[in-house]
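Note sheet for the following structure.
As the structure is a prediction and not an experimental result, all values here were calculated from the model. Order of appearance sets the numbers: ligands from 1, and atoms from 1 within every ligand. We use all heavy atoms of the structure for the numbers below, so side chains are in, but hydrogens, waters and symmetry mates are not.
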Amino acid sequence: MSGLLVVTAVPAEAEAIRAGLTAPDRTTSRVTPPDVTVLPVGVGPAVAGAATARLLALAEAAGRPYRAVVSAGIAGGFAGRVAVGGTVLADRSVAADLGAESPAGFIPVEDLGMPPELLGGGRTVPADPGLLARLRAALPGATVGTVLTVSTVTGTAASTAALAERHPDAVAEAMEGYGVAVAAAQAGVPFAELRTVSNPIGPRDRSAWRMREAFTALTAAAAALH
Ligand SMILES: O=C(O)c1cccc(C(=O)CC[C@H]2O[C@@H](n3cnc4c(=O)[nH]cnc43)[C@H](O)[C@@H]2O)c1
């Protein structure tokens with residue numbers, strides 16, 4: 001076994017996690033656990049999913065498969081559901097924009113009449129129950145709920161309201177979880193998604209983003225990853 005694989009979108013997220021990814025040794029100092037690999041794999045579900053699939057396949061081919069995969073990084077949070085700076089654990093990762101638009105509203109891909117075998121597990125991938133339970137125990141302050149995966153950062157009041165209405169259990173949105181989840185599912189490896197909130201989801205306002213708070217929270221949450 002190669003241990004736990006933690007994939008982020010960008011190097012800054014990976015560095016924030018590595019900074020908190022320590023375990024006590026026999027002295028007073030702390031050391032990084034040797035069985036956790038943290039790698040940035042790119043932004044968006046396609047590149048993150050493809051890169052994760054390659055990492056999983058290479059590890060398996062080398063006879064050292066990863067025991068689990070965590071998609072981690074910053075996210076937008078739904079106002080009133082999670083605060084900026086808060087930590088989120090996904091109980092499921094959902095491809096929120098996988099489907100079709102129509103004058104009557106969004107149609108999920110499962111409702112388009114395609115053969116189920118062409119849809120993989122569909123738009124929703126649940127977190128592995130055992131892995132999620134361990135992360136919840138280590139992060140009792142985390143908000144647990146659906147984390148949406150979008151290809152476009154939501155940036156208007158209308159699309160925020162539509163998304164919140166379609167996903168009443170959603171607490172956050174990011175851009176990689178579903179892609180990583182599909183890669184993990186196809187490799188038969190347990191999956192979870194861990195996010196810290198950098199911004200409220202809503203009308204685009206870059207001045208409202210609190211990257212430092214989110215990265216600090218990511219470093220704090222990383223202690224749960226072992
Ligand atoms: O919007 C921008 O101008 C912008 C400029 C630089 C960097 C970024 C990002 O890194 C955002 C995408 C990145 O972070 C995650 N993320 C964070 N907040 C959100 C959100 O509200 N909606 C979707 N994704 C978000 C995401 O997983 C990407 O990896 C943006």
If we ignore hydrogens and angles and just use 3.5 Å, is the side chain of R81 paired with the main-chain N or O of A170 as donor and acceptor? yes
Ignoring hydrogens and geometry beyond distance, is a side-chain donor-acceptor pair present between S93 and E193 at under 3.5 Å? yes
Taking only non-hydrogen atoms of S198 and a 4.0 Å limit, the atoms of ligand 1 in range are 17 (C), 18 (N)
Quiz question: by atom type and distance under 3.5 Å, do the side chains of T149 and E176 form a donor-acceptor pair? no
Give the residue and atom name of whichever protein heavy atom lies nearest to atom 30 (C) of ligand 1, and the separation in Å to one decimal. W209 CH2, 4.0 Å
Who passes side chain to side chain contact (heavy atoms under 4.5 Å, CB included) against A12, sequence neighbours left out? V10, F215
Salt bridge present between R18 and E13 (N-O < 4.0 angstrom): no
Short N/O distance, under 3.5 Å, between E13 and ligand 1? no
For A9, the ligand 1 atoms with a heavy-atom partner under 4.0 Å come out as 29 (O)
Contact region, A174 to ligand 1, non-hydrogen atoms below 4.0 Å, reads both
So the atoms of ligand 1 within less than 4.0 Å of a heavy atom of A75 turn out to be 16 (N), 17 (C), 18 (N), 19 (C)
Looking at atom 10 (O) of ligand 1, would you say a protein heavy atom lies below 4.0 Å from it? no
Among all protein heavy atoms in this structure, tell me which lies nearest to atom 5 (C) of ligand 1, with the distance rounded to 0.1 Å. R206 NH2, 3.5 Å
Tell me: protein heavy atom nearest atom 13 (C) of ligand 1, and distance? M175 SD, 4.4 Å
Close N or O approach (V150, ligand 1; < 3.5 Å): no
Under 4.0 Å from a heavy atom of R195: which atoms of ligand 1 are those, numbered in the order shown and with their elements? 27 (O)
Flag yes if more than 12 heavy atoms outside R166 fall under 6.0 Å of its CZ atom; otherwise flag no. yes
Minimum-distance protein heavy atom relative to atom 18 (N) of ligand 1: N199 OD1, 2.8 Å
For E176, the atoms of ligand 1 under 4.0 Å from one of its heavy atoms are 26 (C), 27 (O), 28 (C), 29 (O)
Out of G155, G44, G177, G76, who is nearest to atom 20 (C) of ligand 1 when you count heavy atoms only? G76
For a quick check under 3.5 Å, do R92 and T146 share a side-chain donor-acceptor pair by atom type? yes
I need the full list of side chain to side chain donor-acceptor pair (under 3.5 Å) pairs touching residues 96-109, with sequence neighbours left out, sorted by first then second residue. none
Quick note on ligand 1: atoms under 4.0 Å from a heavy atom of R204 include exactly 1 (O), 2 (C), 3 (O)
Looking only at the side chains, is there a donor atom on one of T216 and T219 sitting less than 3.5 Å from an acceptor on the other? no
Looking at every heavy atom in both A192 and A127, which two are closest together, and how far apart are they? CA-CB, 4.4 Å
